[in-house]
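This is a predicted model, so every value here is computed, not measured. Hydrogens, waters and symmetry mates are skipped; everything else that's a heavy atom, side chains included, is used.
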Amino acid sequence: MTRILSLTTTAWRSFYQSQMAALEYAGIEVTTLPVPGEHRALEDDVRRRTPADYVRYLPQVLREARGEYDLVHANYGLTAPFAVAASMLPTADLPVVCTLWGGEYRDNQFEPLIRRATAHADHVIVPSKAMADRVDRPCDVIPFPVDTDLFRPIPTATAREHVGWDSTETNAGAETETKTEGEREQERIVLFPYAPSRDEKNYPLAKRVVDDLRDELDYPISLRTVANQPYEEMPYYLNAADAVLLTSRFESGPMTIKEATACNTPVVSRDVGFAREVLTDVSNAAVASDDAALRTHLAALLETGESADGRTTFTDYTVETMGSRLRTVYEQCLRETEPAQ
C-alpha cells in the first residue's frame, strides 16, 4: 500500500476532506500533518497564523518525514517549501507532489518562495484550468468532487427552518427587524457564502449589488452570510437561499459554485475560476462580466424564483474518480523518481 505524508494548512476544509475520502477509496494510506495554529476567517476579522507557527512546523515535518512514507504531498503553496525540505533529507529522499488551491499567486507576499518551492516539486496538481494558466510549469488538473449525497435539493421552507431563517433576522451585519408573515413569504434571500472579512471574496461588492436591487425591486431582499459552519450544515444554507452571489476578486474554483449547483440553487458569479466552465449549460445561473451584469442577472433570477438544473452535471465526476486520478499521479511520480538500476 502506498503511504503518503500530507502537509496542509487547513485540514478542516471541505475540499481537503473530500480528497482524503478519495484517497481512502483508492487504497492510499495518508498521514495528515497540519501547520500549527489556526488561519480562519471570522465574521468581522481574520484569525491568522504567525511566523512562529511556521517555524515550529519545520522540525515537525522533518521528524515525521523520517517515517516509512513513499511520497510527501503538499496541499496549498505555503506547505510546499516544507515538503521540499523533507524531500532533501538523506534518510527520506521523498518525491514531492504539490496541490495549489488558488490564492498562492494572487496578492500573496510569499509568492516568490512558493514559486521556487513549486518548481522543485515532481508533480503539481491544480483544481481547475484557470489555476493551471497561472502556473509556469506543467500541471495535472484534478478537480475536487462534490458529494451529491450531501449536497442535494432540500425544500426551501425546510432548509430555512433548519438554519433559523424563518425568524426575524434580516440583512447580514445589520440590526434585526421584525417582519410579518406576508413579508417573510415575499422576501428573497441572497446568500454570500463566506465571512465578510475575507477580502478576496469581495463582500462590499455583494452588498452594493443587493443594496442597488432593493431600490429597483418591489419585494424585500436580504443578504445573508455564512462562515465556519459544520460541513454537513452547508446544504441547508444553500437550499435556504433564493440565489447564491459570488463576487470574488479571484478564484481557482470556488467549490461553493459546484455545491450550490448540486443543490439546484441559482448562482450568479463573477467570471472567476471555473465559474463559466460549471455554469455555462445550467439554467437559472449566470456568469457576469462586470458589476452591472451582476445586478441584471441577479434581478432576473430573483424575479423568476425558479430552481437551477445543474445537479446532473456532477454525476460523472465522483470521489472515486478523484481517488483514481490521484493514485495515477502518485504512481507516475514514483516511477519517474525511482533510482536507475
Side-chain angles (χ1 to χ4, degrees), residues 12-26 127-128 142-167 184-185 187-194 201 222-246 248 251-269 273-287 297-298 301-302 304-325:
W12 53 267
R13 288 193 182 277
S14 60
F15 51 82
Y16 182 78
Q17 291 299 317
S18 70
Q19 178 174 297
M20 293 302 99
L23 291 174
E24 180 180 3
Y25 168 81
S128 69
I142 302 181
F144 287 98
V146 175
D147 183 345
T148 53
D149 291 330
L150 180 63
F151 289 91
R152 77 282 184 196
I154 300 170
T156 302
T158 301
R160 289 188 181 182
E161 181 179 6
H162 183 89
V163 302
W165 285 0
D166 57 350
S167 61
R184 287 200 298 272
E185 290 177 353
E187 179 187 28
R188 304 293 197 275
I189 294 179
V190 178
L191 177 63
F192 179 84
Y194 308 104
K201 301 299 184 182
S222 67
L223 177 62
R224 311 290 180 98
T225 66
V226 59
N228 301 317
Q229 293 296 322
Y231 186 46
E232 61 272 12
E233 291 295 301
M234 286 307 300
Y236 289 96
Y237 284 97
L238 293 170
N239 279 282
D242 293 288
V244 172
L245 179 60
L246 296 157
S248 302
E251 290 281 2
S252 64
M255 280 301 294
T256 304
I257 289 180
K258 292 185 177 182
E259 292 164 352
T261 304
C263 295
N264 283 340
T265 301
V267 176
V268 178
S269 175
F274 51 53
R276 189 170 296 279
E277 180 182 340
V278 172
L279 299 176
T280 293
D281 297 323
V282 178
S283 67
N284 296 309
V287 177
H297 288 309
L298 182 58
L301 293 185
L302 294 177
T304 65
E306 296 178 359
S307 298
D309 66 350
R311 180 172 174 80
T312 56
T313 63
F314 298 111
T315 57
D316 60 347
Y317 190 79
T318 64
V319 167
E320 292 80 6
T321 305
M322 184 188 195
S324 296
R325 295 184 66 181

(message) Would you say that R152 contacts C263 through its side chain, given a criterion of any heavy-atom pair below 4.5 Å between the two side chains?
(response) no

(message) V287 vs T280, test: side-chain contact (heavy atoms from CB on, under 4.5 Å). Steps then yes/no.
(response) CA-CA 8 Å; V287 177; T280 293; 5.8 Å; no

(request) Using a strict 4.0 Å threshold on nitrogen-to-oxygen distance, state whether R276 and D281 make a salt bridge. (result) no

(request) Mind checking the CD-CG spacing from E306 to L301? Nearest 0.5 Å is all I need. (result) 10.0 Å

(message) Would you say that V244 contacts P193 through its side chain, given a criterion of any heavy-atom pair below 4.5 Å between the two side chains?
(response) yes

Using distance only, find each side-chain donor-acceptor pair of residues 16-24 under 3.5 Å and give its atom names and separation, not counting sequence neighbours.
from, atom 1, to, atom 2, distance (Å)
Y16, OH, S6, OG, 2.7
Y16, OH, T32, OG1, 2.8
Q17, NE2, A11, O, 2.5
S18, OG, F15, O, 2.7
Q19, NE2, N75, OD1, 3.1

(request) Could you tell me whether the side chain of I257 reaches within less than 4.5 Å of the side chain of L279, counting heavy atoms only? (result) yes

(message) How close do A260 and L238 get, counting heavy atoms only, and between which atoms?
(response) N-CD1, 3.8 Å

(request) Report yes or no: is the cationic atom of R325 (NZ for Lys, CZ for Arg) closer than 6.0 Å to the six-membered ring centre of F144, at no more than 45° off its axis? (result) no

(message) Could you report the tightest heavy-atom contact between M322 and I142, atom names first, then the distance?
(response) CG-CG2, 3.9 Å

(message) Is any side-chain heavy atom of D242 closer than 4.5 Å to one of L191?
(response) no

(message) Around atom CD of E161, are there more than 12 heavy atoms from other residues, nucleotides or ligands closer than 6.0 Å?
(response) no

(message) Is it true that, when you exclude Y25 itself, more than 12 heavy atoms of the residues, nucleotides or ligands shown sit nearer than 6.0 Å to its OH?
(response) no

(request) Keeping to residues at least two apart or across chains, list the side-chain hydrogen bond (donor to acceptor under 3.5 Å, both in side chains) pairs with something in residues 256-266. (result) Y194-T256

(request) Kindly indicate whether the side chain of D147, heavy atoms from C-beta on, has any atom under 4.5 Å from the side chain of V319. (result) no

(request) Verify, without hydrogens or angle tests, whether R188 (side chain) and G305 (backbone) share a donor-acceptor contact under 3.5 angstrom. (result) no

(request) Over all heavy atoms of both residues, which pair between A26 and G323 is shortest? Give the atoms and the distance, please. (result) CB-O, 3.4 Å

(message) Are I189 and R160 packed together at the side-chain level, in the sense that at least one heavy-atom pair is separated by less than 4.5 angstrom?
(response) yes

(message) Within the 4.5 Å heavy-atom criterion, are V163 and Y237 side-chain neighbours or not?
(response) yes

(request) Flag the pair M255 / R13 as yes when at least one side-chain heavy-atom distance between them is below 4.5 Å, and no otherwise. (result) no

(request) First locate atom CG of N284, then atom NE2 of H297, and finally report the distance between them rounded to the nearest 0.5 Å. (result) 12.5 Å

(request) Using the side-chain contact (heavy atoms from CB on, under 4.5 Å) rule, take K201 and F192 through it: C-alpha gap first, then chi angles, then the decisive distance, then the call. (result) CA-CA 9 Å; K201 301 299 184 182; F192 179 84; 3.7 Å; yes

(message) Does either side chain, that of R224 or that of S222, offer a donor lying less than 3.5 Å from an acceptor on the other one?
(response) yes

(request) Verify the ring-centre separation between Y236 and F151: is it less than 6.0 angstrom? (result) no

(message) When you compare the side chains of E320 and T318, does any donor N or O come within less than 3.5 Å of an acceptor on the partner?
(response) yes

(message) Quick check: closest heavy atoms across S269 and A275, and the distance to 0.1 Å?
(response) OG-CB, 3.6 Å

(message) Between N239 (side chain only) and I154 (backbone N and O only), is there a donor and an acceptor less than 3.5 Å apart?
(response) yes

